[in-house]
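Step one of this worksheet: look at the structure below.
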Amino acid sequence: MSVLNGRRAGYALVMATMLAAGLSTGTRLYYMIFLAMLAMLLVGLVSVLWTLFSLRFDIKGVRTRATRGDRLTTVFTVRHSCLLPVSAIQVELNVPSAYAPVQTVNVSAPPFVARTFRQMILCPHRGVYEAGVARISVSDVFGMIRLSRRPNLRLVKLEVLPRIPEAEPLKLQAVDQGPEFMSRASEDSALPSDVRAWQEGDELKKVHWKLSLRKREMMVRTYEESARPDTLIIPDLAEITALRDQQMTLEDCVCEACLGAAQAQLRAGDPVRMPLMGSRPAELSGQFPADIAAFTEAMLRLKFDSPYSYERVLMLMMARFQRTGGAVLVTARLTTRIADMALRMQRSGVSTRLIWVSDDDREESMTLIERLKMGGVQASRLDPWGGGAARPGEPAVDDDYDAQDGIFA
């Protein structure tokens, strides 16, 4: 834009000079140069306005839902009826990206001929976006005039869902003690509910002796079934201090690690609870594999704006471990205090897994991971850029463009 403004200023200066020279000397040549330059401006203005307001767009391929990492092939058709030449038609596309939320595409089309173009839209981050053609700009062949307008096309609300990676289920403490323990744990001895006749295999301690003597047959007590120990998945929702694109990648990986752990536990038949200690605390819960859809919807819109430190959140969760068989901690930062609390959970009888989302592979960080493993915690480091994604500060762009055919491949 600064180059365009500089060119306009220089052009206006030359025109003013020619007009002043003509008025002061009366030479026709100066007047002719001035009028020719003025005519060029008028032709450029007419060509830009004609093209801009006769331009017709048709866009296809923008879905309402995608998964993080998907590539959406968007096809749009351009057609105009201007007979005068223009320099370029510039199309600005809204795309779901934190690094470059607007992609600019330069296209060319002869009058009365529909040209079709294909543009690849990448979905690098989860969230809700508006996708589609945001603005159209046209420049004249002289490079003096550039005008733009919004097309008569509505932007599409695009929801980019987080991915659900495959993960190994966390083995809960109750499962480790065998089926005999589970048969006993499924009944709460403090809550007798009814009596029934003796059956082969019943335990003697369940016999209701007084009632058995009165009815002259063996009667046993039945008890209410207690819920299975569940898995507590605790994401760190404190704000991540980093560049915007890097921050969003880390947030995506935290959400996806939580979803992977939740899906693994639900498939294993273990109930899952996920407290979300953000600015508006909430809690997700599920018992069946189909419940993962509700977790995914919540992760889609989850904000990392917790007013509490992760250490404080873990301290609050300690009081809930009476009916918890396992805990999965997911955080983008690992401190000595967080490691100590994870070890404390493991020693209390809760199977504990810690997922650290980071690309930090320094020796002191790896030593902390090894210390957790030696204490029985299933600790691991998840590199958010380990799957071929763009590194922090590097845009994920698609430059494969065939200028001759007018197709972005």
When you measure from the side chain of [X] to the backbone N and O of [Y], does any donor-acceptor pair fall under 3.5 Å?
{"X": "Ser47", "Y": "Leu84", "answer": "no"}
{"X": "Thr352", "Y": "Ala327", "answer": "no"}
{"X": "Asp140", "Y": "Ile145", "answer": "yes"}
{"X": "Ser139", "Y": "Ser87", "answer": "no"}
{"X": "Arg8", "Y": "Met144", "answer": "yes"}
{"X": "Thr51", "Y": "Val48", "answer": "no"}
{"X": "Thr367", "Y": "Glu363", "answer": "yes"}
{"X": "His80", "Y": "Arg56", "answer": "no"}
{"X": "Ser358", "Y": "Asp360", "answer": "yes"}

Between [X] and [Y], does any side-chain N to carboxylate O distance fall below 4.0 Å?
{"X": "Asp305", "Y": "Lys303", "value": "no"}
{"X": "Arg267", "Y": "Glu166", "value": "yes"}
{"X": "Arg163", "Y": "Glu256", "value": "yes"}
{"X": "Glu92", "Y": "Arg150", "value": "no"}
{"X": "Arg63", "Y": "Asp70", "value": "yes"}

- [ ] Give the intermediate values and the outcome of side-chain contact (heavy atoms from CB on, under 4.5 Å) for residues Thr64 and Glu159.
- [x] CA-CA 6 Å; Thr64 57; Glu159 295 180 343; over 6 Å; no

Task: Test side-chain contact (heavy atoms from CB on, under 4.5 Å) applied to Val78 and Ile136, Val113, Val105, Leu55, the passing residue - done: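 It is Leu55, the one option of Ile136, Val113, Val105, Leu55 that forms the side-chain contact (heavy atoms from CB on, under 4.5 Å) with Val78.
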
- [ ] For a side-chain contact (heavy atoms from CB on, under 4.5 Å) with Ile234, tell me which candidate from Leu329, Thr331, Leu354 qualifies.
- [x]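 Filter result, single survivor: Leu329.
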
Closest contact, heavy atoms only, [X] versus [Y]:
{"X": "Gly278", "Y": "Pro307", "value": "O-CD, 3.6 Å"}
{"X": "Leu334", "Y": "Trp356", "value": "N-NE1, 3.5 Å"}
{"X": "Pro162", "Y": "Met299", "value": "CG-CB, 3.9 Å"}
{"X": "Tyr30", "Y": "Met18", "value": "CB-O, 3.4 Å"}
{"X": "Arg65", "Y": "Leu158", "value": "N-CD1, 3.9 Å"}
{"X": "Leu259", "Y": "Ile164", "value": "O-CG2, 3.9 Å"}

Open item on the list: Could you work out, with side chain to side chain contact (heavy atoms under 4.5 Å, CB included) as the rule, every residue matching Leu23, not counting sequence neighbours?
Closed with: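 So Leu23 forms a side chain to side chain contact (heavy atoms under 4.5 Å, CB included) with Leu19, Tyr31.
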
Open item on the list: If the condition is salt bridge (charged side-chain N to carboxylate O under 4.0 Å, His left out), which residues does Asp58 pass it with, not counting sequence neighbours?
Closed with: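 With neighbours one apart ignored, the set is empty.
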
Open item on the list: Restricting to salt bridge (charged side-chain N to carboxylate O under 4.0 Å, His left out), what partner residues turn up for Glu251, sequence neighbours left out?
Closed with: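 Partners of Glu251 by the salt bridge (charged side-chain N to carboxylate O under 4.0 Å, His left out) criterion, ordered by chain and then number, come out as Arg126.
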
Open item on the list: Please check if the number of heavy atoms outside Met366 that lie under 6.0 Å from its CE is greater than 12.
Closed with: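 Yes, because the 6.0 Å sphere around CE of Met366 holds more than 12 heavy atoms from other groups.
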
Task: Interatomic spacing from CD in Gln263 to SG in Cys258 - rounded to 0.5 Å - done: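 Interatomic distance, Gln263 CD to Cys258 SG, rounded to 0.5 Å: 13.5 Å.
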
- [ ] Can you spot which of Glu168, Gln346, Gln378 makes a side chain to side chain donor-acceptor pair (under 3.5 Å) with Arg353?
- [x]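 Of Glu168, Gln346, Gln378, side chain to side chain donor-acceptor pair (under 3.5 Å) with Arg353 is met by Gln378 alone.
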
